[in-house]
*Asks:* 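Dropping the structure in here first, questions after.
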Number of protein chains: 2
Amino acid sequence: MNVKIKDVAREANVSVATVSRVLNNIPLVNDETKKRVLDAIERTGYKPNAIARSLKMQKTNTFGIMIPDISLPYYTQVVRGVEDVCNIYDYNIILCNTDSEPSKEEKYFDVFMEKQCDGILYIGKGLKQNLVNKIDSSRVPVVLGAVSDVMGRYHSVAINNEQASFDVTKYLIENGHESIAFFSDEDEASFVAQERKKGFVRALKKYNIKENPIFELKGKYSIKGGYDLMDELLTNAELPTALVALNDEMALGAIRKLEDAGYKVPDDMSVVGFNNFQISEWFKPGITTVAQPMYDIGAISARMLIKILNNSKPEEKAVTVPHELIIRDSVRSIKE
Amino acid sequence: MNVKIKDVAREANVSVATVSRVLNNIPLVNDETKKRVLDAIERTGYKPNAIARSLKMQKTNTFGIMIPDISLPYYTQVVRGVEDVCNIYDYNIILCNTDSEPSKEEKYFDVFMEKQCDGILYIGKGLKQNLVNKIDSSRVPVVLGAVSDVMGRYHSVAINNEQASFDVTKYLIENGHESIAFFSDEDEASFVAQERKKGFVRALKKYNIKENPIFELKGKYSIKGGYDLMDELLTNAELPTALVALNDEMALGAIRKLEDAGYKVPDDMSVVGFNNFQISEWFKPGITTVAQPMYDIGAISARMLIKILNNSKPEEKAVTVPHELIIRDSVRSIKE
DNA sequence: CTGAAAGCGCTTACAG
DNA sequence: CTGAAAGCGCTTACAG
């Protein structure tokens, strides 16, 4: 069908070996020969077959990337960061949506292995044991993005989730809030949610505030999820003065429910979110949140993977990227 | 390194041909032999090498997907639709961000060809001539998603953009608006924008309303873009009573600017958007818009590509998916 | 029902 | 500086 190296060789009156050498810029080719080959390539419109090359080289220049759901705005920027770096170094990415389901994660891991991916980027809530086993027995390089590894065994790029949660909770407390609700992930296995919970609790402890389990609710990581959780929270006789929601979608849903129920934000309740997703700044009220450098997380992860493949171990195993408290209009000071 | 078919063959005391046959479920293998092979596969932990298979079969079971920017919410759902269908039929996708730049589109097209993609899904503003040439000379199956082909030469899945634009404009007119602004794409080559412009003009004509070029502005397809365009529009002595923005981000930015300038939406100006992106329903005011079935566009595109590869030509070359006018709170009737 | 062998399109050690 | 040949890990027509 298409023209192959053999055709170019015939056209240029050289061997396939020579064509391959000019293709790969191996220096020991005579300039004149090289020119003849280049001309032949031009004339025949030859395009290398990366599959054949991969088979021989045992390297595909492709990464597998696992992501919960590409249609959620959060993850999307991470992927863009990955792709931009891959682009520079001539890698491509195969994308899979796992919905954070362990069974899909495992299935796709196998697919990545069959397709001989050179490395894998895991984005999700945390590695489950089955996946860990597969990774270990396959020995592919893996980098975790946006979540760090419990054991510290894998490379990772993430914010310090515990500290980030501590910071935003502290901000609330400094504004006089002592009764704070916490909307978390219904998925108990979420390592990120666990870390944020720890930071929340640490902040309360530090300021001698008692935790109130009634105000700690778990639900879906979505606008609707936050809306429903607030619906539930509002059934309490007494309400908290503030809320920490584990992402901006939840925060937003909570705010909408409060409004629908006749409350005002931040006048009647202060709300903070997480992640600073693209829309948060345009909302009314603007949502105070903790930003993660999503794009950078993707870009750094990709660079790490490439470094590992080049046998130059990256300096750090677990890269911590900075988080940032973004103060907007959804928190009110109630200090007298 | 890893175990290969040869190792399994030795382990099972058969030839590689036989192993390959059981791997591919070719029926003419003796049941006992088959069992022996299956056991050997189990024991050795053999995983097929898809690259080697692809080389031999001249088929990679991967699609290349070109998309302007994966970090924009609009495109993200299309990709999810594609991926879900691919998943069912054992295809994978290689993802590329083109930023709608022809040079990147061409570059990635070459990458897809080198990686021997079985088909290509193009999502963008419209095919430019250079790309068309490449596609034609390569003869890969291509499906256009969310945009149709000017010439009708390629397979495509999209809404009827002209009609959609007509419908939403008509809705405004029926609500008494006769002075309507139009925020469009700064990229003149956008086929989608051209189509929507046609529909807009057709609606005005039908109701004998004169076009007012001063109210037709072009800018960036973003919240900021809409904000800036409204800033510009507001310099006019006389203002329109309504605005058609070519996406919801623009509509949203325009609304924010209006509010910042002391106007109310829809009281002082009605605004409609396009695409119904996830957030539009949660905004205040809720944005009236035209919904496209993004997920379906992706899913149908992927199915089309698979059909083409199976030599069963899809029924239609250009599939038109339904658009839907979603009425919320950003339009006010000014009919007396 | 099974095996030996050719071949998919490349790269590269080896020899000259 | 260049070529013949082996081999990457598979599949499949051919022969038995």
Side-chain angles (χ1 to χ4, degrees), chain A residues 1-38 40-41 44-62 90 110-118 138, chain B residues 1-38 40-41 44-62 90 110-118 138:
Chain A
M1 44 210 315
N2 265 329
V3 20
K4 2 193 155 154
I5 224 174
K6 210 189 197 175
D7 304 316
V8 177
R10 193 186 313 116
E11 181 78 14
N13 244 304
V14 295
S15 71
V16 294
T18 301
V19 177
S20 175
R21 286 192 189 101
V22 349
L23 245 21
N24 291 293
N25 266 314
I26 293 170
L28 37 64
V29 182
N30 182 304
D31 275 356
E32 239 174 285
T33 320
K34 187 169 177 176
K35 190 175 174 328
R36 249 193 5 258
V37 172
L38 257 14
I41 289 172
T44 54
Y46 170 77
K47 292 267 180 279
N49 180 327
I51 296 295
R53 182 163 209 278
S54 291
L55 177 59
K56 179 65 190 175
M57 303 291 273
Q58 306 282 63
K59 183 165 189 323
T60 54
N61 268 39
T62 106
D90 259 322
D110 287 341
V111 171
F112 288 160
M113 291 299 90
E114 292 192 7
K115 296 229 170 180
Q116 315 296 116
C117 289
D118 296 332
S138 78
Chain B
M1 47 212 308
N2 265 328
V3 18
K4 0 189 158 157
I5 223 175
K6 208 188 195 174
D7 304 315
V8 177
R10 193 185 313 115
E11 181 79 14
N13 243 307
V14 295
S15 72
V16 295
T18 301
V19 177
S20 175
R21 287 191 189 99
V22 349
L23 245 20
N24 291 292
N25 267 314
I26 293 170
L28 36 64
V29 182
N30 181 305
D31 274 356
E32 241 173 281
T33 320
K34 186 169 177 174
K35 191 176 174 324
R36 253 199 353 266
V37 172
L38 256 16
I41 289 173
T44 54
Y46 170 76
K47 291 266 181 281
N49 180 328
I51 296 294
R53 182 162 208 280
S54 291
L55 178 59
K56 180 64 190 172
M57 304 291 274
Q58 305 283 61
K59 182 164 188 325
T60 54
N61 267 39
T62 106
D90 259 321
D110 287 342
V111 171
F112 288 160
M113 291 300 90
E114 291 191 7
K115 297 229 168 177
Q116 314 296 117
C117 289
D118 296 333
S138 78

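Sequence lines set the chain letters: A, B, ... in the order given, protein chains first and strands last, and positions in each chain run from 1. Values below: all heavy atoms of this structure, side chains included; hydrogens, waters and symmetry mates excluded.
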*Asks:* Taking only the side-chain heavy atoms of L28(A) (C-beta and beyond), determine which of dT2(D), dA6(C), dA13(D) contains the nearest atom.
*Replies:*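 When the side chain of L28(A) is considered, dT2(D) is the closest of dT2(D), dA6(C), dA13(D).
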*Asks:* Write down the distance between CG (N2(A)) and P (dG9(C)), rounded to a whole number of angstrom.
*Replies:*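 So the two atoms are 9 Å apart, to the nearest Å.
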*Asks:* Hey, are the side chains of V14(A) and R36(A) touching, using non-hydrogen atoms and a 4.5 Å cut-off?
*Replies:*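 Result yes, sub-4.5 Å side-chain heavy-atom pair found.
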*Asks:* By nearest nucleotide on DNA chain C, pick out whichever of M57(B) and P27(B) is the more 5' one.
*Replies:*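 Upstream on the strand: P27(B).
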*Asks:* Using whole Å, report how far CD of Q58(B) lies from C1' of dG9(C).
*Replies:*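 Distance, rounded to whole Å: 8 Å.
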*Asks:* Side chain of L55(A) only, please: which of dC8(D), dT2(D), dT12(D) is the nearest?
*Replies:*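 In terms of side-chain proximity for L55(A), the closest of dC8(D), dT2(D), dT12(D) is dC8(D).
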*Asks:* So what does T33(B) touch, heavy atoms closer than 4.0 Å: a base, only the sugar-phosphate, or nothing?
*Replies:*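 Sugar-phosphate contact only.
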*Asks:* Toward the 5' end of DNA chain D, which comes first, K34(A) or A52(B), by nearest nucleotide?
*Replies:*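 Closest to the 5' end, via its nearest nucleotide, is K34(A).
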*Asks:* Side-chain N or O of T18(B) less than 4.0 angstrom from OP1 or OP2 on dT2(C)?
*Replies:*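 No, outside the criterion.
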*Asks:* Would you kindly say whether N2(A) and K4(A) are connected by a side-chain donor-acceptor distance under 3.5 Å?
*Replies:*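 On atom types as modelled, these side chains do not qualify, holding no pair under 3.5 Å.
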*Asks:* Taking only side-chain N and O atoms of N24(B), does any of them lie within less than 4.0 angstrom of OP1 or OP2 on dT11(D)?
*Replies:*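 Checking N24(B) against dT11(D): at least one side-chain N or O falls below 4.0 Å of OP1 or OP2.
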*Asks:* Return the 5'-most residue of the pair V29(B), Y46(A) with respect to DNA chain C, ranking by each residue's nearest nucleotide.
*Replies:*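 The residue mapped nearer the 5' terminus is V29(B).
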*Asks:* Would you say R53(A) and N61(A) make side-chain contact, with heavy atoms under 4.5 Å?
*Replies:*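 Heavy-atom side-chain distance check fails, nothing below 4.5 Å.
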*Asks:* Whole-Å distance between dC10(D) P and I41(B) CD1?
*Replies:*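 Rounded to the whole Å, the gap is 11 Å.
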*Asks:* Can you see which heavy atom on Y46(A) is nearest to which on L23(A), and at what distance?
*Replies:*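 So the minimum-distance heavy-atom pair works out to CE2-CD2, 3.5 Å.
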*Asks:* Between atom CG in L23(A) and atom C1' in dT2(D), what is the gap in whole Å?
*Replies:*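 In whole Å, dT2(D) C1' and L23(A) CG are 16 Å from each other.
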*Asks:* Between dT11(D), dC10(C), dG3(D), which nucleotide gets closest to the side-chain atoms of A17(A)?
*Replies:*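 So the nucleotide nearest the side chain must be dG3(D).
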*Asks:* If we call it a pair only when both distances are under 3.5 Å in a Watson-Crick or G-U wobble match, what pairs with dT2(C)?
*Replies:*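 Per the H-bond distance test, dA15(D).
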*Asks:* Rounded to the Å, how far apart are K56(A) NZ and dC10(C) P?
*Replies:*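 These atoms are roughly 13 Å apart.
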*Asks:* Measure CZ/R53(A) against C1'/dT12(C) and give the value in whole Å, please.
*Replies:*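 Those two atoms, CZ and C1', are 12 Å apart.
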*Asks:* Counting side-chain heavy atoms from CB outward, which of dT2(C), dT11(D), dT12(C) is closest to I26(A)?
*Replies:*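 Closest nucleotide to the I26(A) side chain: dT12(C).
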*Asks:* Mark yes when over 12 heavy atoms from residues, nucleotides or ligands other than K6(A) sit less than 6.0 Å from its NZ; otherwise mark no.
*Replies:*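 Open: at most 12 neighbouring heavy atoms sit under 6.0 Å from NZ of K6(A).
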*Asks:* Find the distance E32(B):CD to dT2(C):C1' and express it as a whole number of Å.
*Replies:*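 Answer to the nearest Å: 14 Å.
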*Asks:* When you measure from the side-chain N and O atoms of R21(A) to the phosphate of dT2(D), is any distance below 4.0 Å, counting only OP1 and OP2?
*Replies:*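 R21(A) to dT2(D) OP1/OP2: no side-chain N or O under 4.0 Å.
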*Asks:* Whole-Å distance between dG3(D) P and N30(A) CG?
*Replies:*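 One finds 11 Å between P of dG3(D) and CG of N30(A), rounded.
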*Asks:* Evaluate the side-chain proximity of I51(A) to S54(A): yes if any heavy-atom separation is below 4.5 Å, no if none is.
*Replies:*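 Of all side-chain heavy-atom pairs linking I51(A) with S54(A), none is under 4.5 Å.
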*Asks:* Thinking salt bridges, do D31(B) and K34(B) make one under a 4.0 Å N-O criterion?
*Replies:*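 Result for this pair is no, no salt bridge flagged.
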*Asks:* Give one of base, sugar-phosphate or nothing for S20(B), where a contact means two heavy atoms less than 4.0 Å apart.
*Replies:*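 Base, at least one base heavy atom under 4.0 Å.
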*Asks:* Using a heavy-atom distance cut-off of less than 4.0 Å, which residues of residues 5-16 of chain B contact DNA chain C?
*Replies:*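 Contacts with DNA chain C under 4.0 Å: V14(B), S15(B).
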*Asks:* For the atom pair CD1 (I41(B)) and NZ (K47(B)), what is the distance rounded to the nearest 0.5 Å?
*Replies:*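 Reported to 0.5 Å precision, the distance equals 10.0 Å.
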